[in-house]
Amino acid sequence: MSSRLARSAGLIGAATMASRVLGLLRETVLAALFGAGYAMDAFNVAFRIPNLLRDLFAEGAMSAAFVPTFTRYLTQRGRDDAWRLGNVVINALVLVTSIAVTIGAIFAHTIVAAFAPDYAAVPGKLELTTMLLRIMLPFIGAVAVSVAMMGMLNSLHRFFVPALAPAMFNVATVAAAFAIVPWMPRLGWPPIAGIAIGTLLGGAGQVLIQWPALRREGWRYRPVFDLRDQGLREILATIAPGTLGLAAVQVNVFINTVLATGEGTGAVSWLNYAFRLMYLPIGLFGISIATAALPDIARHAVAADAGAMRRTISSGLRMMLMLNVPATVGLIVLARPIVSLLLERGRFTPADTAATAAALMWYAPGLLGYSAVKIASPTFYALGNSRTPVIASGLAVIANLALNLTLVRVIGYRGLALGTAVAAVLNALVLLWLLRSRLGGLDGDRIARAFAGITLASLVMGAGVWAVEHWLERWLPGSSTMVRAVRVGVSIGAGGALLLAMARVLRIQEFEEALRRVTRRAGGGA
């Protein structure tokens, strides 16, 4: 089970790595072209509204609601019925999102004014944000269809292409930055509108890249629309509480955006850049592990095999800790060098680097919470329990709002990042505690031992990385991209070696298993 989960997570991680690297390229290009100023703030607020729905669908409610039902159809009723269910769901999503997009376009100005009232004080900023929102709203429909396709492929244990699909969004945005943005002033539009158009193209690309893979499996699109379909009703009954149950992270980030609009020009963009950098390990380690585990968890739930569910969840959590604890420490220690290397060029200034790095350091502790929720929350839906994740998510949102309203007065925009991180950890702890009660345990002793060992090894790694990075700053000064890359690369390499050494000294089983797996593969390849 652990080996199979690791292989599936590895495929997803490889595709997600490509997507996240392209995502970093996207952020680098946007930072160079627009910095953290007026236009970028407007884009981030405008995109946050459709992106909130994208995050909820792509990494949350749609997977939690659709995958278990589609998997059951595959297992019990065969592919023909499963394909019909997929088409019914896709057509229903197109109808619902079309209505939502139309309403959103009509009331775009009112929506923006409600979420970013302070923008009205800056001439033209509210109007620019409204324009960008209207351009990007159809992105919601494209992503909804993409996620349905993703769910079908994941249920068939086809993970690579769905994980690669989000890369199309990043490719389209980068292409738009060079091919469309320069044309905008000639058409009388602001340059940032070209990025909004690229966002739409990226949504379409996510659908197009998955279409051939589904056709090879036997799926054909059919304009089937049946509101009485039992499978659709099951999914709809789950998706509303599912959205609430998995919404805490996305809603909390949305709250951050709204509160940051009152923190002056740049705050929204600093938080957005920091969150994107922090989300890299979540995408690589948290979402990939959860996506690989969910179909197995759903099958064990159908078979009422609690023991197999416990083993799958325990394996996923320990694998997540092995990867995310070191990533958390590394982001805190190397926040400023990483931001400087990736973003500091063009209109992105050293002051922007310092501000973004500060936000990244406060966001980083939430990594463990975000990743654990990706495993725990869908498990409840696979068990037919939608109430528990909704309650936990609601508590997390309330906690985040209370923390942010308090912390923003104490440490400004950085308090928004810290409040979000703390709320994510609380959400995960509540879910895991309740899941432990539901399943009669989660192999807690083994998880606790793994966490303690990995944390100790990671802290030693962090101290070593800090020392190496500061030594390199003295002996290898300079601000060129090459010099910064060498300093960051050597620091990360030293940290990896130190982490591995500590894992061997402490005999951390999860590291040893991963090392044996890599060694076997290398030997087989040789």
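Outside the 6.0 Å centre-distance limit, the rings of Phe348 and Phe34 are not counted as a close aromatic pair.
Applying the side chain to side chain donor-acceptor pair (under 3.5 Å) criterion to Arg484, with sequence neighbours excluded, gives Ser340. Taking Val483 as the reference, Leu476, Ser480, Arg487 meet the side chain to side chain contact (heavy atoms under 4.5 Å, CB included) condition, with sequence neighbours excluded. Under the side chain to side chain contact (heavy atoms under 4.5 Å, CB included) criterion, Leu126 pairs with His109, Val112, Ala113, Tyr119, Ala120, not counting sequence neighbours. With sequence neighbours left out, the side chain to side chain donor-acceptor pair (under 3.5 Å) criterion links Thr349 to Asp352. Listed by chain and number, the residues in a ring pair (Phe, Tyr, Trp, His ring centres under 6.0 Å) with Trp183 amount to none (sequence neighbours excluded). For Ser269, the side chain to side chain donor-acceptor pair (under 3.5 Å) partners two or more places apart in sequence, or in a different chain, are Asp41, Asn44. For Trp433, there are no ring pair (Phe, Tyr, Trp, His ring centres under 6.0 Å) partners two or more places apart in sequence or in a different chain. The side chain to side chain donor-acceptor pair (under 3.5 Å) test applied to Ser146 returns Gln210, not counting sequence neighbours. Residues forming a side chain to side chain contact (heavy atoms under 4.5 Å, CB included) with Ala355 (at least two apart in sequence, or on another chain): Trp270, Tyr413. Looking at residues two or more places apart in sequence or on another chain, you find a side chain to side chain contact (heavy atoms under 4.5 Å, CB included) between Ala364 and Thr328, Leu331, Ile332.
The two residues Arg26 and Val174 have their closest heavy-atom pair at CA-CG2, 3.7 Å.
Using cut-offs of 30° and 60° for the angle between ring planes, the Phe47 and Phe169 rings count as parallel.
Side-chain contact between Leu395 and Asn427 is absent, with no heavy atoms from C-beta onward closer than 4.5 Å.
The closest donor-acceptor contact from the side chain of Arg414 to the backbone of Val410 lies at 3.5 Å or more, if one exists at all. Looking at Tyr38, its side chain does come within 3.5 Å of a backbone N or O of Gly124 through a donor-acceptor pair. For Arg336 (side chain) and Val333 (main-chain N/O), no donor-acceptor pair under 3.5 Å exists by modelled atom type. With hydrogens and angles disregarded, no donor-acceptor distance shorter than 3.5 Å links the side chain of Thr28 to the backbone of Leu343. With Thr97 contributing its side chain and Val94 its backbone, the two residues share a donor-acceptor pair below 3.5 Å. Side-chain atoms of Arg134 do not come within 3.5 Å of backbone N or O of Thr130 as any donor-acceptor pair. In this structure, the side chain of Asn400 engages the main chain of Thr420 through a donor-acceptor pair within 3.5 Å.
Among residues at least two apart or in separate chains, there is no ring pair (Phe, Tyr, Trp, His ring centres under 6.0 Å) pair with a member in residues 189-210.
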